[in-house]
Amino acid sequence: MVSPILELTNINKSFGHVHANKNINLKINKGTIHGIIGENGAGKSTLMSIVFGLYQANSGTIKVNGKEINLKSPKDSITNGIGMVHQHFMLVENFTVLENIILGFEGELVFGKNLEKAKKDLKNLCDTYKLNIDLNSTISDLSVGFRQRVEILKSLYRGAEILILDEPTGVLTPQEVDELFKILRSLKDEGKTIVLITHKLIEIMDLTSEVSVMRQGEMVGHTKTANTNKEQLAEMMVGRSVLLRLDKSQLKAGEVLFKVKNLTVKDDLDVTRVKNVDLEIRAGEILGLAGVTGNGQTELLEALSGIRKVESGEIYLEGKKVSDSQNFLDPRELKDKGLAHVPEDRQRMGLVTDFKAYENLIFGYHDQQPFSKSSVLNHSDIISHSKKIMEEYDVRPQSPNLITSNFSGGNQQKIILSRELNENPKVLLVGQPTRGVDIGAIEFIHQRLIDMRDRGAAILLVSVELDEVLSLSDRIVVMFDGKIVGEKDNKNVTDRELGLLMAGVV
Amino acid sequence: MEFLSDIASLINSTLRISTPLVFAAMAGIFAERSGVIDFSLEGKMLMAAFVAAVGSYFLGNPWLGLLLAIIACVSLSMLHGFASVTYKGDQVVSCVAINILIIGLTTALAAAWFGQAGLTPTLNEDQRFLEVNLPFAESLKDVPIVGTIYSDILSGHYIFVYLAYLSVPLVFWVVFKTSFGLRLRAVGENPSAVDTAGINVFAMRYKALAINGVLIAFAGAHLSTAVNANFFREMSAGRGYLALAAMIFGKWHPKTALIACLLFGFTDALQIRLQGVELPAIGEIPVQLIQAIPYVLTVVLLAGFVGKAIAPNAIGQPYIKER
């Protein structure tokens, strides 16, 4: 039997009235990749922040290599060989890679000899793990994937034997995920221990050898990955059985509600990002738009929703021209004509996260009856409407007065979705509906989109999650380098075919 | 020849006038690079001027006056830190409170101790700093060019003038070439990154504020125990704000902040020089117009004439560790 490198016993942590971790016990064996899975808000990140010394537990003990340690700050955990790659990177953006890595571990008051040594050591580490990082580049010039590598390199340089990664794939493209997994496997081969926090079942199955499941602040199970499957893990996470496949009724497509003709769109830097795109969406149909991030989907969605100017081409809503390069309706006018938009970046465009939930629940409709009368908001009607809609869409917690940023990602998304769907739009544009959303909420959101479709709405679904596009769409188009490179009926298409289109190979 | 000596005297006064600005701007760089806004440079400069003058008057030694001024300014910086770092108050409000407090406090204490509201007794030669003549200044005076530069421009300043310009490369070195400087810059950009590197964010900000207090004390002492021989009401006259503007104009960088300070100092020196001078074709310019030059320049520069100034990312935000 291998002895655990990290052992947690009876860890408890509360924030005010919220009991984020309840009597957590966890053993992690040396040289393994150990997954910790759970929905957003299950307490995974809190637990790992305790292990990293960022938060202090209210009670419980932590042992590293059998020795009990007292973690007062990240310094203590770093000296005990624990490193963490946070979900939001802990990097100074206008510093170089080198500066970020040596920060706090300079080893000298005035830069000189140790700096040169650090450079050499880091080059060796880069070579060992094939990280391929230029130490002199500035963080803000690096892609997200490379920033994450810098974080990994930083932990290794600081002597990490146990590396904790908090939702590492949430911000990565599929290719970057592959690269990351390669790096993690090679770390494991070198004898490092990796703790992977995620809510994505597929990553657990792919990468880990052991898995622990958390639900609502408690550890609900441990198992060898080989002895379990996705369905079983999903059930443990959510506490009930989850439908991983969707039941969808037969397509009953009606007339064309939304039509895009020869559309070209430029981005802020005057680069053409959408090139001569044609689309048609019928009533009662979900059109899936697949593609690797950054192939023009964002700009297309912005142009269709009236946020971005059209360079050339036309957009028709119910057969009437709403936008071309000369005249275009703004989002407000489009909304009045029955077009709703769930933006890709919910925190930047979908919500004012510092506002209360009830305020976000009525944005865009706040000046309409019954929410306002002669420009004065009707508070009691707004609250009762919010309560009703939060119950209907299962937004948790059901507190209209809570600040929006305190909701989990999935619940924030439900707030936007409920706001937009509640008006029964004829055309719905949805970007990345389940990015950073936990599995229970994904199921719910998907079901709602199907309901909208069955009620006769025309839906454009833009997603980088191929599984999502495949399970929801009736028809799929693939976007590559700003162009539509293929259109497939969902009945006879494989993810391999789509993958090749997405990569621009065909 | 007269033109040359005019230029020399203009540069000479530019160096002198810029001195408190340079100290204050360097002080500001430390605070703001660590993520703490410092509008209270003005109040601290005034406090230092008062304490230095009073200390020197009672103790008979300007150096002891300076020491007391340093203690006073570091205390005020700690007060600012206590309110805005430890207790996470609004940094601007804390600064404004300090500024208002000091205006009232100095006036009231001067009245109580010396019977004159906002005025301290004149210091004699032993109680104040005197001009320093550099070696060989007298003998080199008549050498063309070199003599002008060395004897007329560089020599004959107060000690603070030399210290101010020496402080600039020192600040540059500390901020960019030492591990303390790396941590200082990091804590103003992304305190979470500093925290996760095992460094105490709060301690870093307090250290930065302490250095800030020391530097600003020199600016105040320069005003009341060197260029002037007493303290008078509101004698800092907006120099703290001007220095803050110079620091922003200099993009929180010691070298460019120095240039900005010199530019402000130069316009001030120029306006003094131009007063009452008959210009060809234009005639005498009204004095009010001339006196407005530095302020007009400040507005023009800060209104974006010099491009966007990017502040440290985390400036003004108290660090909150747990949600």
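Hydrogens, waters and symmetry mates play no part in the numbers below; they use all other heavy atoms, side chains included. Source: prediction; values computed, not measured.
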By a 4.5 Å heavy-atom criterion (distance strictly below it), what part of [X] contacts chain B: side chain, backbone, both, or neither?
X        : value
A:Phe89  : backbone
A:Glu108 : backbone
A:Asn94  : side chain
A:Leu91  : backbone

Just how far is it from atom [atom1] of [X] to atom [atom2] of [Y], taken to the nearest 0.5 Å?
X        : Y        : atom1 : atom2 : value
B:Ser179 : A:Leu103 : OG    : CG    : 9.5 Å
A:Leu109 : B:Lys177 : CG    : NZ    : 16.0 Å
B:Thr196 : A:Arg158 : OG1   : CZ    : 6.5 Å
A:Ile139 : B:Glu189 : CD1   : CD    : 12.0 Å
B:Asn190 : A:Met90  : CG    : CE    : 7.0 Å

* Relative to chain B, which of A:Glu106, A:His86, A:Glu99, A:Met84 shows the most heavy atom pairs under 4.5 Å? -> A:Glu106
* Asked: If you count heavy-atom pairs under 4.5 Å with chain B, which of A:Ser73, A:Ser77, A:Pro74 comes out on top?
  -> A:Pro74
Is it the case that atom [atom1] in [X] sees more than 12 heavy atoms from other parts of the structure closer than 6.0 Å?
X        : atom1 : answer
B:Phe39  : CZ    : no
A:Lys117 : NZ    : no
A:Gln216 : CD    : no
A:Lys22  : NZ    : yes

Looking only at non-hydrogen atoms, find the nearest pair between [X] and [Y] and report the distance.
X        : Y        : result
A:Val92  : B:Ala193 : CG2-CB, 4.1 Å
B:Arg185 : A:Phe95  : CB-CZ, 3.5 Å
B:Ile199 : A:Gly104 : CD1-CA, 3.4 Å

* **Which atoms of B:Val174 approach chain A - backbone, side chain, both or neither, heavy atom under 4.5 Å** =>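 For B:Val174, neither part sits under 4.5 Å from chain A.
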* Let me know if B:Leu182 has heavy atoms under 4.5 Å from chain A in its side chain, its backbone, both or neither. => both
* Structure fact -> Comparing B:Gly181, B:Pro191, B:Ser192 against chain A, the one with the most heavy-atom pairs below 4.5 Å turns out to be B:Ser192
* Asked: Is A:Val110 close to B:Thr178 at the side-chain level, that is, under 4.5 Å between some pair of heavy atoms?
  -> yes
